[in-house]
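The structure under discussion appears below in the form of structure tokens.
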There are 2 protein chains.
Amino acid sequence: MLSLHQLRCFLATYEHGSLTAAAEELGYAQPSVSEQVRALEKTLGVPLFRRVGRGVVPTTLADTLRPYAEQAIAASEEARRAVQSAVSLESGTIRFGMFGAARLYAGAQIVADVLERYPGVRVELIGQHSNEVQEQLRRGHLEAAMIAATSVESEGMTVIPVARDELVYISADPSRLTTPVTAARLAKASLIMPETTWRNSDSVRILLRRFLHEAGHNPQTRIEVEEAEISVDLVGRGLGDSVIPRAAAEQLIPRLAPNVDWVSLRPKQYDVMAIVHRRGAVLSPAAQVLIEIATKHIQSVAEPI
Amino acid sequence: MLSLHQLRCFLATYEHGSLTAAAEELGYAQPSVSEQVRALEKTLGVPLFRRVGRGVVPTTLADTLRPYAEQAIAASEEARRAVQSAVSLESGTIRFGMFGAARLYAGAQIVADVLERYPGVRVELIGQHSNEVQEQLRRGHLEAAMIAATSVESEGMTVIPVARDELVYISADPSRLTTPVTAARLAKASLIMPETTWRNSDSVRILLRRFLHEAGHNPQTRIEVEEAEISVDLVGRGLGDSVIPRAAAEQLIPRLAPNVDWVSLRPKQYDVMAIVHRRGAVLSPAAQVLIEIATKHIQSVAEPI
DNA sequence: CGAAAGCATAGGAACCTCCTTGGGAAACCT
DNA sequence: AGGTTTCCCAAGGAGGTTCCTATGCTTTCG
């Protein structure tokens, strides 16, 4: 089988017209280079050099081989270089999981920050929802992620809480916002909830279910939609109320439904955001950078833990 | 050190997302591929796959590496292919030595014939003079050549005579061409001789010197020029006479000096053309092809042996 | 003709490659 | 939930490769 080592020896010999000189350049003894070249000639089945008195002379077949050999060597060296520069974050891709709400909070700003610090990299923020992200983590397609920790069955995962965000009750009807909403009142409300696909494992849903169960009530939603933006929009149209993280409320309400306002639950409920990665994993520099930046931003819009 | 083998294992693993599948494709046991990949990771100093439960998942560094690995592999395969096609004369270069006069006889026709039979090849006809060609042979820069055998000290060389060509006396004065020219007459003639640089080792000179010496005369040349064409031209202008191979005379006189004619020497003298190569050398297909074609053409203009 | 240069060969030590076997973890299947 | 399968890693050993030193042979050069 053809090997780079053989090609290296061939090229050195070709350039020097001498096995001895090639060996010296490569830091080997002369018979070693001789052996490699002979092996190459054998695998190709053709003579590459004529052994002629003092020295060796390339055949025309060697002339034919040379450019390809050079290309192979060059590609292998390029490979080394490219990987090194990627590992030092001069290039390459940083891939990081992030659930929908967190992206809403700070996604664009995080990408901008990373690109400012590492102009050569490509950034991928992956995943729509915490559970989806978690699945990718579990499968190893992601190294680390920022997720809503409440929804995590954390087996095999290391979870590092970073910030918490209060869940607030939003409504277009000011009369429902005069006092904090209790479980009893929430159970009677007509709710519009997002994240339909993840109905049973969405962290906000889990929190609400627990909140209601503890007071002996059952959750009940009137309208299910996929996007948080749409549920806020619908609340603005007076079709129902909703419960969403406070940072999401502050971001979405002014934009989508200025007539909507919010009030706390009683007792207050918190969605916890956390960094998550496989237990025992050694994080790449890329992942560490993104964790650092994402944490900083999340903590600037939500409450640090 | 990076090796093609490692890259091959890496690529197979990358494509299958599995060491086992890669091993199967490559025809190895799984631990072997595993070892190669680990060695590659070690030499690069970076992780290329995350080992995650069942299967492995490429890291972004693997994504970075892949195109370079593919390029290196591709170049090595191209190398193989290129050499094979060159050895089968589908491509590559045929290099062949040929002394000036022989090129004059049939050079262009030989090149045309080779190209017709092997459209992909490049042809190099090398060398101005038999001695120069012979030197290149000795140094191994040429595999084989067609030379004027008279001038060869053939030690270490295999010489295969192919054709002989009579040396003829040419003149613009018809009165000197009525009878064959003897050594006595030649000694008195005013001669224009080509191949100045090779004065002492040119085969025609050697033949003439021997021809004259045997009759007790000394050679004497009036004008020395480099090119056979020029000497014929000068003979046409009546500045002297010359002795050149008959085939050269037939080719050059109509073109350069129609008023010139020729006559034999007495006794007739012959320049011998031969194929020459290093003793014991195994000739490449390319060289064999050129020998065959050149021989055919030389024998069509000169007298076969 | 002797000296120097340069390739080939030989033999042995170190290393690499590949295999088989066995173990453990994750995923899949009742 | 428990058993089975899948897939990876680890270990150990056989066989091959690589690389060295030493030596011999041929060519070249003074």
Side-chain angles (χ1 to χ4, degrees), chain A residues 1-10 12-14 16-43 47-59 62 134-141 153-157 278-281, chain B residues 1-10 12-14 16-43 47-59 135 137-141 153 155-157 278-281:
Chain A
M1 210 64 198
L2 222 56
S3 84
L4 283 179
H5 190 195
Q6 291 170 353
L7 295 181
R8 276 187 278 262
C9 290
F10 162 74
T13 305
Y14 185 100
H16 288 93
S18 154
L19 291 169
T20 304
E24 186 159 350
E25 177 190 313
L26 297 171
Y28 294 125
Q30 168 263 316
S32 303
V33 177
S34 178
E35 190 175 351
Q36 293 300 322
V37 170
R38 222 169 320 122
L40 180 59
E41 288 178 320
K42 191 179 166 194
T43 62
L48 294 171
F49 297 96
R50 269 191 293 284
R51 276 67 171 176
V52 39
R54 203 192 286 223
V56 293
V57 178
T59 63
Q134 196 192 346
E135 178 64 17
Q136 297 230 44
L137 269 173
R138 210 177 44 85
R139 295 211 186 132
H141 292 119
E153 321 115 19
S154 57
E155 66 175 82
M157 296 288 168
R278 296 172 63 85
R279 173 129 46 225
Chain B
M1 210 64 199
L2 222 56
S3 85
L4 284 178
H5 189 194
Q6 292 169 353
L7 295 181
R8 276 187 277 262
C9 290
F10 163 74
T13 305
Y14 185 100
H16 289 94
S18 154
L19 291 168
T20 305
E24 186 160 350
E25 178 190 312
L26 298 171
Y28 294 127
Q30 170 264 316
S32 304
V33 177
S34 178
E35 190 176 350
Q36 293 301 321
V37 171
R38 223 170 319 123
L40 180 59
E41 288 178 320
K42 191 179 166 192
T43 61
L48 294 172
F49 296 96
R50 269 191 294 283
R51 276 68 171 178
V52 39
R54 201 192 293 220
V56 293
V57 178
T59 63
E135 179 63 16
L137 270 174
R138 210 177 45 86
R139 294 209 186 136
H141 291 120
E153 320 113 20
E155 67 175 77
M157 296 287 169
R278 297 172 63 84
R279 172 130 45 226

Interatomic distance, B:Leu26 atom CG to B:His5 atom NE2 [nearest 0.5 angstrom]: 7.0 Å
Short side-chain N/O contact from A:Arg38 to OP1 or OP2 of C:dT9, under 4.0 Å: yes
Axial bend angle, the helix from C:dC1-D:dG30 to C:dT30-D:dA1: five-pair end segments, nearest 10°: 30°
Spacing between B:Leu4 atom CG and C:dC16 atom P, to the nearest angstrom: 18 Å
Rounded distance (Å) that lies between atom P of C:dC15 and atom NE2 of A:His5: 16 Å
A:Glu25 atom CD, over 12 foreign heavy atoms within 6.0 Å: yes
Atom-to-atom span, CE of B:Met1 to C1' of C:dC16 - whole angstrom: 16 Å
Residues in ring pair (Phe, Tyr, Trp, His ring centres under 6.0 Å) contact with B:Phe49, at least two apart in sequence or another chain: B:Phe10
Positions of residues 24-35 of chain B (non-hydrogen atom under 4.0 Å from DNA chain C), listed by number: B:Gly27, B:Tyr28, B:Ala29, B:Pro31, B:Ser32, B:Glu35
Gap separating the OG1 atom of A:Thr20 from the CD atom of A:Gln30, nearest 0.5 angstrom: 5.0 Å
Rounded distance (nearest 0.5 Å) linking atom CG of B:Leu40 with atom NZ of B:Lys42: 12.5 Å
Distance, rounded to the nearest Å, where A:Gln36 contributes CD and D:dT17 contributes P: 11 Å
Donor-acceptor under 3.5 Å (A:Glu41 side chain, A:Leu48 main chain): yes
side-chain N/O A:Thr20 vs C:dC7 OP1/OP2, d < 4.0 Å: yes
Backbone N/O of A:Pro47 and side chain of A:Thr59: donor-acceptor pair under 3.5 Å: yes
Rounded distance (Å) that lies between atom C1' of D:dT6 and atom CG of B:Leu19: 13 Å
Distance in angstrom units between A:Glu41 CD and C:dC7 P, rounded: 13 Å
Side-chain N,O (B:Arg51) to OP1/OP2 (D:dC7) below 4.0 Å: no
Side-chain donor/acceptor of B:Thr13 to backbone N/O of B:Cys9, under 3.5 Å: yes
Distance in Å, A:Arg38 CZ paired with A:Arg51 CZ, rounded so as to fall on 0.5 Å steps: 6.5 Å
